[in-house]
K.L.:
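Okay, here's the structure, questions in a sec.
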Amino acid sequence: MSISPVTIVCYLLGISAVVGLNAVILVWLERKVAGHMHFRYGPMEVGPHGLLQTLADGIKLLGKQFLVPDAADRPLFLLAPVVSLVPIFVAMVPLPLGETLQAWELNIGLLLVVALGLLNTLGILLAGWGSNNKYALLGGSRAVAQILAYKIPLLLCILTIIMMAGSYSLRQIALAQKDGWYILYQPLLFIIYIVTITLETNRSPFDFSEAESELVAGFHIEYSAMGFSLFFLAEYSYMFIAAALASILFLGGWQGPFLPGPVWSLLKLYGIIFLLMWFRWTFPRLRIDQMLHLGWKILLPLALVNFLVTAGVLAL
Amino acid sequence: MNGYRYLAGIVTGSVSLLKGMRVTFANMVSRPHTVQWPRQTAPLPARFRGHIRMLADEETGFPRCFACGSCARICPSACITVQGRKPGDRKKKVAVRFLLDFTKCSLCGLCVESCPARALAFSRDYALAGYRDTEFRTMDLLEGLASPFQF
Amino acid sequence: MFASFVHTVYTLAFATILLLVVGGALLAVTARNLIHCFFGLVGALLGVAGLYYNLGSPLLAVMQVMIYIGAVCVAIAFGLTLTRKQGEEGMRPLDIKAAIPVVLVVAMLSATLKSLAGREIVASARKIDESRIGWMLLGDYLLPFELISILLTVAVIGAVTIALINRRI
Amino acid sequence: MEFLATLPNSLLVYVVVAHALFAIGLFGMLFRRTLIGFLISLELLLQGVGINIMAFGTYLVPDPLQARISTLFIIGIAAAEAAVFLGIAVAVFRNYQTIAVDRLIGLKG
């Protein structure tokens, strides 16, 4: 209880600003990347190169009507966007984006972020069941099948890194990479991790719970206006957190020559997010059984072997 | 042997994924093909077919049409209405009404080909917009042309 | 001034957690719809994580969220989607058996409180260094730790085997 | 308000909540109709036990880490038990097309 009120308010504002700005920038970036990969320009009209397009869309969404379907399970339906958004604010707390830019240095920060990342699926499940729509329900069920397939490889990746760094603290893990980023020692693990966070953030080629061409919009099919934009915000914030985690676990976090720490942090983070976008606009969506095959028969054994080999090398 | 196939599958799969990513990256850094209309316009093809328009006589500025009605007769969609009148001092009729129902026109071009006076041509007008369908149901092709009948 | 404000907020937060635990548990047991039961359970488990945190153990709170909500609840949800059938939800009509938990727990509680009355409370909830847990798990508690891991492996393999019995596909 | 302020740091609250959870869980075990309902109630019951151990371990024992390890073990065992339970539920559903306990009467003489 020794934290001053000013600090708390500052951090709350800062985290809210990061969540909001990040979503604005990422939506714009996504549309730009998509456009250029299709030989298009993407948004160009509102602001220079369409930079303010997302703001305009956000204002438009604010002005729209929030509809609750008659047949929907009202409390679950209303709770779902909140459930998927709230954990983000907590998960942002232990993320170090710079030498001193960290809300709370927590010695189990990594565990906290991973645990809260799991709540994302819960929000999707709530939305799927609350909407009382068969597509939404299918989307929710798929999200559950998906989490079982990717979570174990993801945890194995994180476990390997914890073993190498000897700490659960995100800050300590980043500091342990002063002399060499873990991506140099663990390139395979980095690839597995990137694949699992693509799965975790529900992005194409693994966007089974959303799957426009099969489930129309999947779990958020019935959501309009603010509910929809909250889901959007949550999706992009989870991307931010997953990419931040990747940059801390594998790329040394804020550490780098010449530039100040936060700049390096953001550079690495948005580099990884660009990678995710690149995947999305390159690869077609997998079938659900192909995803299960990938998760259980390829990622899991590879991660396990990698884990055991790393343990062996570390023990020597 | 099975294990070898498993590993080889992973490797070839990854390589093919990388190839795909190279293609999209090359797309991204190359110039977009889009034209930012209306600030830029793409050149229209030489034989672009817009809705038909009436040509004017070079000397008089009157419409070339003498209301023979062959365009209305040949039109498969029956979307042309022509009415002509004889001015007092001339032998040929002159069109006083030439209405095109553009909502039905399929731009087949039979009217243009069949016109004995070569009075019809395709316009290059592609950005049509209106507030109601009547604007296109009765398009007056004589609009803007001089008329021998002064009212 | 600020300290008392913080304390009020803290107390209210704690009361909310208690409400979440008990309310979630009641919802989980009494709701007609199994989905509501499931989310009641999730609420109760989150509340219990809050209680663990309040008892000075952030590690257990996080483990609770991770294992219970991330693994057990997801598994339950998976089971729900696999075995969903309308019209089999809700509770049986109450009868004399409802007295069993009440009587049992009142008896247990009174016995506990009676034995507590004599004891002095040696410590209050406080933050302690939990990094020793890892050493303890690999030292004094190595045998139960290994047994748990064996149990988990056996349970997972067993669950898969049972679920595959008489598989028609 | 005075009473509320002492809530977060008193052993009594935890003990009462733990017992309440245990009772609710037991009640659910007796009255739910389906296997999944059973499992949910069972988890609540285990939560009661966990809170109790943690509370006693924190307030009454000089070394609170032992209680934490016990609770960790409970969490782990609960995960294993849930896996087995769900395996059974899925197998039962596949064979009987139902998970309502009343209709699982294949063993009745």
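In this text the structure is predicted, and so the values were computed from the model without any measurement. Here is the naming used below: chain letters follow the sequence lines, and residue numbers restart at 1 for every chain. Just so it is clear, the values below take in all heavy atoms, side chains as well, and ignore hydrogens, waters and symmetry mates.
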K.L.:
Please look at D:L39 and chain C and tell me whether the side chain, the backbone, both or neither of the residue comes under 4.5 angstrom of a heavy atom of that chain.
P.N.:
side chain
K.L.:
At a heavy-atom separation under 4.5 Å, does D:E81 approach chain C through its side chain, its backbone, both, or neither?
P.N.:
neither
K.L.:
Looking at side-chain heavy atoms only, is the closest gap between C:C37 and D:R32 below 4.5 Å?
P.N.:
yes
K.L.:
Between D:I53 and chain C, which part of the residue has a heavy atom less than 4.5 Å away: side chain, backbone, both or neither?
P.N.:
neither
K.L.:
Counting only heavy atoms closer than 4.5 Å, note whether D:L21 contacts chain C via side chain, backbone, both or neither.
P.N.:
side chain
K.L.:
Non-hydrogen atoms of chain C under 4.5 Å away: do they reach the side chain of D:A80, the backbone, both or neither?
P.N.:
both
K.L.:
Considering non-hydrogen atoms only, spot the tightest contact between D:I51 and C:Y52 and give its length.
P.N.:
N-OH, 3.7 Å
K.L.:
Which atoms of C:L45 come close to chain D, meaning under 4.5 Å heavy atom to heavy atom: side chain ones, backbone ones, both, or neither?
P.N.:
side chain
K.L.:
Tell me which of these, C:G40, C:A44, C:P144, has more heavy-atom pairs under 4.5 Å with chain D than the rest.
P.N.:
C:P144
K.L.:
Of the backbone (N, CA, C, O) and the side chain (C-beta and beyond), which part of D:I40 lies under 4.5 Å from a heavy atom of chain C, both, or neither?
P.N.:
both
K.L.:
Between C:F39 and C:L27, is there a side-chain heavy-atom distance shorter than 4.5 Å?
P.N.:
no
K.L.:
Just by distance, with hydrogens left out, do C:Y53 and C:Q64 show a side-chain donor and acceptor under 3.5 Å apart?
P.N.:
no
K.L.:
Can you tell which of C:I67, C:V22, C:L109 has the highest number of heavy-atom pairs within less than 4.5 Å of chain D?
P.N.:
C:L109
K.L.:
With a 4.5 angstrom heavy-atom cut-off, could you sort out which part of C:A71 is near chain D: side chain, backbone, both or neither?
P.N.:
neither
K.L.:
Can you tell me which portion of D:V15 sits under 4.5 Å from chain C's heavy atoms? Options are side chain, backbone, both or neither.
P.N.:
both
K.L.:
Given a strict heavy-atom distance threshold of 4.5 Å, which part of C:I148 is in contact with chain D: side chain, backbone, both, or neither?
P.N.:
side chain
K.L.:
Taking side chain as everything from C-beta outward and backbone as N, CA, C, O, which of these in D:L30 sits under 4.5 Å from a heavy atom of chain C? Side chain, backbone, both or neither.
P.N.:
both
K.L.:
Is C:L104 close to chain D through its backbone or its side chain, or both, or neither, when contacts mean heavy atoms under 4.5 Å?
P.N.:
side chain
K.L.:
Output the option from D:I69, D:L72, D:V16, D:L26 having the highest count of non-hydrogen pairs under 4.5 Å with chain C.
P.N.:
D:I69
K.L.:
For chain C, which candidate among D:G50, D:G25, D:G37 shows the most heavy-atom pairs at distances under 4.5 Å?
P.N.:
D:G50
K.L.:
Using a cut-off of under 4.5 Å on heavy-atom pairs, state which of D:F22, D:F73, D:F27 scores highest against chain C.
P.N.:
D:F73
K.L.:
Just give me the residue among D:I36, D:N52, D:I88 that pairs up with chain C most often, heavy atom to heavy atom, under 4.5 Å.
P.N.:
D:I36
K.L.:
What part of D:F56 gets closer than 4.5 Å to chain C, counting heavy atoms only: side chain, backbone, both or neither?
P.N.:
side chain
K.L.:
What part of C:I17 lies closer than 4.5 angstrom to a heavy atom of chain D: side chain, backbone, both or neither?
P.N.:
neither
K.L.:
As an exercise: rank C:L60, C:V48, C:T112 by heavy-atom pairs under 4.5 Å with chain D and give me the winner.
P.N.:
C:L60
